[in-house]
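Data block below; observations after.
Model, not experiment: these values are computed from the prediction.
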Amino acid sequence: MSSKESCRIELRTAIRQLSDRCLYSASKWAAEQLVGIEQDPAKFTPSNTRFQRGSSSIRRRFRTNEITSTPPTGVAYVSTPVMEEDEAIHGDFYLLAKSYFDCREYRRAAHVLRDQTGKKSVFLRCYALYLAGEKRKEEEMIELEGPLGKSDAVNRELVSLERELATLCKNSTIDPFGLYLYGLVLKEKGNENLARKVLVESVNSYPWNWSAWSELQSLCTTVDILNGLSLSNHWMKEFFLASIYQELRMHNESLSKYENLQGMFTFSNYIQAQIAKARYSLREFEQVEVIFEDLLRNDPYRVEDMDTYSNVLYTKECFSALSYLAHRVILTDKYRPESCCIIGNYYSLKGQHEKSVVYFRRALKLNKNYLSAWTLMGHEYVEMKNTPAAVDAYRRAVDINPRDYRAWYGLGQAYEMMGMPHYALHYFRKSVFFQPIDSRLWIAMAQCYESEQLHMLEEAIKCYKRAANCNDTEAIALHRLAMLHRELDQPEEAAFYYKKDLERMEAEEREGPNLVEALMFLATHYKTQKKFEEAEVYCTRLLDYTGPERETAKSLLRGMRIAQSGFPSMDVEHFHP
């Protein structure tokens with residue numbers, strides 16, 4: 001049996017089991033990977049080639065090398081036997097409970113199963129109670145809402161659930177789904193070490209539950225914690241590693257994992273979206289835009305991950321494309337957090353910041369932990385000069401994800417606006433720690449060092465050097481390096497950076513005051529160094545301009561000709577009575 005066929009069998013069984021336990025998010029994820037597996041060409045018929053689309057060439061366009069469908073070394077594609085269904089169930093009661101659950105009547109579902117002792121029934125009863133507690137917590141948060149949605153509401157079912165699930169675990173009468181729920185409860189209670197241990201046991205016993213992997217990922221905040229996990233080899237582990245590498249800002253490693261997985265799951269929209277997000281983090285916007293366009297052609301009603309696409313369009317100032325995307329998601333699902341963020345980005349690009357905030361707030365009403373909305377709303381408050389509100393928004397973002405460099409950067413900006421550079425510097429340092437390849441963050445930190453209160457020019461130079469090495473698309477770093485070295489009376493270093501900046505401006509065919517400034521400094525510098533030929537080249541170029549720089553160039557040229565002719569150095573007018 002081929003590895004692809006083995007994957008299909010595993011996933012089909014897992015989809016039924018996950019759906020039967022009302023784990024619909026994990027079931028949907030598994031189903032998306034199932035249809036993403038490339039079909040056997042021998043079995044193609046016109047009716048089953050839906051996913052063999054011409055866009056596959058675009059999917060492969062950005063791979064670093066050719067990937068085969070062979071599993072990675074040491075990874076088993078059938079390593080865990082498919083779970084046997086629990087037989088100790090009263091089927092009719094379970095069906096009734098599941099119906100209530102699907103109608104979001106969680107307490108009724110739990111009540112129906114109160115006397116059932118089978119593992120499957122116990123899981124659904126406990127899961128229903130957990131969601132009933134979450135539902136009540138959400139209601140209390142709305143009723144008791146504080147500033148920016150802050151509330152002390154808690155899930156009141158956690159204590160009893162922890163007690164019951166701990167007993168089941170101790171007696172070894174709990175299945176992998178019960179372990180997943182136990183890990184979830186422990187995480188909510190703040191017992192992260194035990195939660196990790198329990199979730200590892202869950203995914204090792206039943207690796208197809210993506211929800212369990214996702215919860216485990218949220219508890220692995222450092223590489224050391226990740227390396228300490230004892231995970232069994234299975235192809236689902238590869239998905240987990242690819243995802244967590246992205247979360248830990250190991251974008252190249254994540255990209256490599258996803259491109260390997262594409263060898264097996266050639267037509268997975270999920271993998272394609274994750275590759276786009278990894279390339280977005282690497283600031284490869286042109287490639288990201290192509291990938292998302294392809295994704296929307298294949299999955300035209302997709303809203304998930306489209307907020308990242310809107311960020312790319314916003315950065316590139318693609319008004320018409322962002323407008324089209326906003327209208328598209330409104331027609332598809334207007335009240336999704338992602339849709340609200342896309343619309344918020346659209347209004348922000350139009351300069352309508354108040355309206356943009358309305359949509360980011362709407363996104364947070366739908367999902368209070370929606371990280372992008374908090375960060376983007378903070379950006380809008382900065383634009384509106386409402387610094388206290390911006391700080392609150394950014395703080396909520398870092399509470400949700402302490403590794404979000406955009407929120408740390410936003411806090412730095414806000415404190416800089418308030419004239420508090422020491423605080424700003426602390427937050428800028430946080431941002432570059434989590435995203436060291438973004439030139440904008442290094443430039444922001446350098447400008448903070450340059451402020452009047454700090455005036456730490458040597459430190460600013462170090463930051464600008466890092467920015468210059470991180471593909472400074474805004475062409476700020478080289479010019480600032482030249483100016484700072486000039487200010488510190490380091491003419492050789494200043495000339496080096498002016499020259500590099502000049503080369504870049506020429507390559508990009510840019511004109512402007514920076515070009516004139518570079519030519520003027522280099523002409524003067526090389527004249528002082530008695531390198532007259534080089535100085536003459538820059539002076540000659542300055543003659544093409546009108547204004548004081550032209551006259552300065554003429555004066556420099558006259559001075560150099562006098563010096564070269566052997567006359568004493570004196571004013572040119574002495575030779576022209």
Side-chain angles (χ1 to χ4, degrees), residues 24-29 31-33 138 148-149 210-211 214 217-218 243 246-247 258 268-281 285 288-350 352-353 355-380 393-394 396-397 399-401 403-407 410:
Y24 296 120
S25 178
S27 175
K28 182 186 83 168
W29 186 92
E32 286 179 346
Q33 307 326 307
E138 294 288 337
L148 282 175
W210 182 246
S211 295
S214 298
Q217 176 179 313
S218 70
S243 181
Q246 195 157 305
E247 188 66 26
Y258 280 125
S268 167
N269 287 334
Y270 167 81
I271 291 177
Q272 191 179 15
Q274 297 310 306
I275 287 174
K277 288 165 74 173
R279 292 196 178 279
Y280 171 75
S281 298
F285 296 144
V288 174
E289 189 175 3
V290 173
I291 295 171
F292 273 121
E293 285 172 359
D294 178 48
L295 191 59
L296 278 176
R297 277 193 295 272
N298 298 326
D299 193 0
Y301 300 103
R302 184 185 185 94
V303 176
E304 191 177 358
D305 303 313
M306 288 300 116
D307 52 336
T308 302
Y309 182 32
S310 77
N311 291 341
V312 172
L313 297 176
Y314 181 93
T315 303
K316 295 182 68 181
E317 297 185 1
C318 299
F319 285 92
S320 57
L322 186 53
S323 173
Y324 176 71
L325 181 63
H327 283 90
R328 189 169 186 159
V329 296
I330 286 171
L331 294 173
T332 301
D333 194 344
K334 184 178 180 179
Y335 293 104
R336 279 273 292 271
E338 296 94 333
S339 300
C340 295
C341 268
I342 291 165
I343 299 165
N345 269 340
Y346 167 70
Y347 282 117
S348 177
L349 192 57
K350 289 183 71 177
Q352 299 180 21
H353 301 296
K355 207 163 186 177
S356 180
V357 166
V358 169
Y359 279 95
F360 291 135
R361 281 192 169 277
R362 186 175 292 175
L364 292 167
K365 287 287 184 186
L366 296 164
N367 180 0
K368 70 180 187 305
N369 290 325
Y370 192 47
L371 181 65
S372 291
W374 285 115
T375 307
L376 293 171
M377 189 164 71
H379 294 346
E380 295 309 300
Y394 289 134
R396 288 300 301 272
D399 286 344
I400 295 165
N401 183 0
R403 302 182 66 83
D404 182 26
Y405 75 92
R406 296 171 304 169

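In this model, a donor atom of one side chain and an acceptor atom of the other lie less than 3.5 Å apart for Ser310 and Asn345. In summary, the side chains of Ser348 and Glu380 do present a donor paired with an acceptor at a separation below 3.5 Å, with no hydrogens or angles considered.
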List the steps and the verdict of side-chain contact (heavy atoms from CB on, under 4.5 Å) for Val329 and Lys334.
CA-CA 6 Å; Val329 296; Lys334 184 178 180 179; over 6 Å; no

Decide salt bridge (charged side-chain N to carboxylate O under 4.0 Å, His left out) for Glu304 and Arg336; before the verdict, give the C-alpha distance in whole Å, the side-chain angles of both, and the deciding distance to 0.1 Å.
CA-CA 9 Å; Glu304 191 177 358; Arg336 279 273 292 271; 5.3 Å; no

Checking Arg328 against Met306 for the side-chain contact (heavy atoms from CB on, under 4.5 Å) test, could you report, in this order, the C-alpha distance in whole Å, the side-chain angles of both residues, the deciding distance, and whether it holds?
CA-CA 11 Å; Arg328 189 169 186 159; Met306 288 300 116; over 6 Å; no

Could you walk me through whether Gln217 and Ser243 pass the side-chain contact (heavy atoms from CB on, under 4.5 Å) check?
CA-CA 8 Å; Gln217 176 179 313; Ser243 181; 2.6 Å; yes

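Note that OG of Ser268 is 9.0 Å distant from CD of Gln274, once rounded to the nearest 0.5 Å. Leu322 contributes atom CG, which lies 8.0 Å from atom OH of Tyr346 (distance to the nearest 0.5 angstrom). A distance of 10.0 Å separates CE in Met377 from SG in Cys341, rounded to the nearest 0.5 Å. Atom CG of Asn369 is separated from atom CG of Asp399 by 10.0 Å, given to the nearest 0.5 angstrom. For the atom pair NZ of Lys277 and CG of Asp307, the computed distance is 7.5 Å after rounding to the nearest 0.5 Å. Atom CZ of Arg396 is separated from atom CG of Leu371 by 11.5 Å, given to the nearest 0.5 angstrom.
Nearest heavy atom pair, residue Ile342 against residue Ala326, reads CG2-CA, 3.8 Å. Nearest heavy-atom pair across Ser372 and Arg406 is OG-NH2, 3.8 Å. Residue Asn269 comes nearest to Arg302 through the heavy atom pair CB-NH1, 3.7 Å, listed as atom of the first residue, atom of the second, then distance. Closest heavy-atom contact between Ile275 and Tyr258: CG1-CB, 3.7 Å. Summarising the geometry of Ala363 relative to Pro337, their closest heavy-atom pair is CB-O, 3.7 Å, with the distance given to 0.1 Å. In terms of heavy-atom proximity, Tyr370 sits nearest to Glu338 at OH-CG, 3.4 Å.
Each of Asp294, Leu295, Leu296 was evaluated against Asn298; a single residue qualifies, Asp294, per the side chain to side chain contact (heavy atoms under 4.5 Å, CB included) test.
No side-chain heavy atom of Lys355 sits under 4.5 Å from any side-chain heavy atom of Ile343. Between Leu313 and Leu349 there is no side-chain heavy-atom pair separated by less than 4.5 Å.
Remark: the backbone N or O of Tyr335 is not paired with any side-chain donor or acceptor of Ser339 at under 3.5 angstrom. Side chain of Ser356 to backbone of Gln352: no donor-acceptor contact under 3.5 angstrom is found.
Around the NZ atom of Lys316, the shell of radius 6.0 Å holds more than 12 heavy atoms that belong to other residues, nucleotides or ligands. For Tyr324, the OH atom is loosely surrounded, since the number of other residues' heavy atoms within 6.0 Å does not exceed 12.
The aromatic rings of Tyr270 and Trp29 sit perpendicular to each other, their planes meeting at more than 60°, with 30° as the lower class boundary. Using cut-offs of 30° and 60° on the angle between ring planes, the pair Tyr309 and Phe292 is parallel. Ring geometry for Phe285 versus Tyr280: interplanar angle of 30 to 60°, hence tilted.
For an aromatic pair to be called close, the ring centres must be under 6.0 Å apart, and Tyr394 with Trp374 fails this.
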